[in-house]
**Q** 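Just dropping this structure here.
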Amino acid sequence: LRFALVKEVAGAGQDIRLDYDRSKDTSATVEAARNFANKLWNATRFTLLNIEENNLEDLGEGVNPTSLQLSDKWILSRLARTNITISSRYKEYSLGEAAKGLYEFVWNDFCDWYLELIKRRLNLGEHPTAVELLDRTITQKVLLKVLSDVLLMLHPLMPHLTEELWHAITGFSEHKLLSLQAWPALEKEYLDEDLETSFSALFESIRLVRNLRAVAGMKPSKEVPVRFVTKKAALAKMLKQATADIRVLTRANQVEVFHPDELINQPSVKALAGVSGELEVILPIEGLVDIKELRRRLEKDLLKAQKEIST
């Protein structure tokens, strides 16, 4: 309730509008805040399940920047930018804007994307290599750092929950309080606007692939090939570097990145396509779905949309 009320404050002196459905005895605003608390709780639970408790102190040590993967560098850049923004908003007593900023970072950047990106690096097979074990340790350190800093920044807004979760991930005694800890150190060396822009394009490409899969009516478990086409060299490089992540997040068995000129020599296939900015996504569907049935369904949807527009 506290977070819900603070988050709805758009500016100083403005009344707080709390929607409340008397017939159902519910409030969408309070439910949204409760869902956010659950999201934070589940993120902490995920963290605890994926780190060795006896190594909490070691995991709290710094990370060598040269050992970080792109997704680590991206989340640390977003964390540093969030640190700057939230610190400024607290100083200006813009508590509502601070709550919204933290909500968006935790829900979107941290939970929806970063946690999904690192699952494959944490869940190793029966016989992991030394390189994989080292990478998992680095992932654990970044995960613990981001969550710890988030709890510190959220503490003024959600003191009871963050205090509980912070003790769970740090192992500190109940006599050491989160409220007495210093504000998270700002690590400007991680700020990378170009990398953040590239990851935004990456996420848009993943959303586009998922949308095309939904249009085709493919089951979530079905693996398909995916092709990306772009003239932008930086974006193409980013997509190639993130191939492993794209395969996991889109259930792709093959990921290819082309310049438009390179497609001339590629055999033509029946496919669905979509465009996002300077990127075209091609999803070959020949042999994977019933194309006649798909066409019939799409024509039916088109006819329905045209009728709605005409009325």
Side-chain angles (χ1 to χ4, degrees), residues 19 21 24 26 28 31-32 35 39 71 74 104 107-109 111-117 119-120 196-311:
D19 60 326
D21 188 335
K24 298 181 181 179
T26 59
E31 285 185 4
N35 293 339
K39 195 85 166 178
S71 57
W74 167 75
E104 291 169 2
W107 194 288
N108 299 325
D109 296 339
C111 294
D112 281 1
W113 288 115
Y114 185 67
L115 295 189
E116 292 301 318
L117 287 168
K119 283 180 179 178
R120 68 176 180 85
E196 291 181 36
T197 301
S198 295
F199 262 79
S200 294
L202 171 64
F203 297 150
E204 283 302 317
S205 70
I206 292 173
R207 291 190 187 100
L208 190 50
V209 172
R210 289 172 174 174
N211 290 340
L212 292 175
R213 287 180 60 105
V215 169
M218 292 181 177
K219 294 181 180 179
S221 59
K222 193 175 189 65
E223 294 189 340
V224 296
V226 177
R227 293 178 176 178
F228 296 104
V229 184
T230 181
K231 293 180 179 180
K232 194 172 181 181
L235 179 56
K237 181 181 178 181
M238 170 66 175
L239 292 170
K240 289 177 181 178
Q241 291 176 322
T243 295
D245 293 325
I246 295 172
R247 292 181 67 165
V248 172
L249 295 177
T250 62
R251 297 295 296 175
N253 54 17
Q254 183 181 16
V255 176
E256 298 176 293
V257 182
F258 296 99
H259 186 276
D261 296 337
E262 296 175 327
L263 284 181
I264 299 175
N265 299 323
Q266 294 295 317
S268 60
V269 294
K270 291 183 174 65
L272 291 177
V275 177
S276 174
E278 299 180 75
L279 177 70
E280 180 183 9
V281 175
I282 300 174
L283 189 70
I285 59 174
E286 193 169 0
L288 298 174
V289 299
D290 186 334
I291 295 179
K292 290 184 179 179
E293 173 60 24
L294 175 60
R295 181 174 181 176
R296 186 196 64 79
R297 179 165 57 82
L298 293 177
E299 288 176 343
K300 183 179 178 181
D301 291 343
L302 177 61
L303 182 61
K304 181 180 178 181
Q306 288 174 337
K307 287 183 178 179
E308 290 177 352
I309 292 173
S310 62
T311 57

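Only this structure's heavy atoms are used, side chains among them; waters, hydrogens and symmetry mates stay out.
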**Q** Going through the distances and angles, do M218 and I285 end up as a side chain to side chain contact (heavy atoms under 4.5 Å, CB included)?
**A** CA-CA 9 Å; M218 292 181 177; I285 59 174; 3.7 Å; yes
**Q** Is any NZ, NE, NH1 or NH2 atom of the basic residue among R295 and E299 found under 4.0 Å from an Asp or Glu carboxylate oxygen of the other?
**A**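 Here R295 pairs with E299 in a salt bridge, since their nearest N and O are under 4.0 Å apart.
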**Q** Looking only at non-hydrogen atoms, find the nearest pair between R120 and D245 and report the distance.
**A**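 That closest heavy-atom pairing would be NE-OD1, 2.9 Å.
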**Q** Should we say atom NZ of K39 is surrounded by more than 12 heavy atoms from elsewhere, each under 6.0 Å from it?
**A**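 Result for NZ/K39: enclosed.
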**Q** Flag the pair R207 and E204 as a salt bridge only when some basic side-chain nitrogen lies within less than 4.0 angstrom of an acidic carboxylate oxygen.
**A**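 Salt bridge: yes.
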**Q** What's the spacing between Q254 CD and E223 CD if we round to 0.5 Å?
**A**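 Here the rounded value is 11.5 Å.
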**Q** Specify the closest pair of heavy atoms between V281 and S205, including all atoms of both residues, with the distance to one decimal.
**A**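 So the two residues come closest at CG2-O, 4.3 Å.
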**Q** Measure up the F199 and W74 rings against each other and bin them: parallel (under 30°), tilted (30 to 60°), perpendicular (over 60°).
**A**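 Parallel.
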**Q** On a heavy-atom basis, which atom in P260 and which in K231 lie closest, and how many Å separate them?
**A**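 P260 and K231 have their closest heavy atoms at CG-CG, 3.5 Å.
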**Q** Could you check whether any side-chain heavy atom of P284 comes within less than 4.5 Å of a side-chain heavy atom of V224, counting everything from C-beta outward?
**A**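 Result no, sub-4.5 Å side-chain heavy-atom pair not found.
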**Q** What are the two closest non-hydrogen atoms of G274 and L212, and how far apart are they?
**A**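 Distance-wise, the nearest heavy atoms are N-CD1, 4.0 Å.
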**Q** If you define the side chain from C-beta out and look only at heavy atoms, does anything of V229 sit under 4.5 Å from L279?
**A**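 The answer is no, as the side chains (C-beta and beyond) never meet within the 4.5 Å cut-off.
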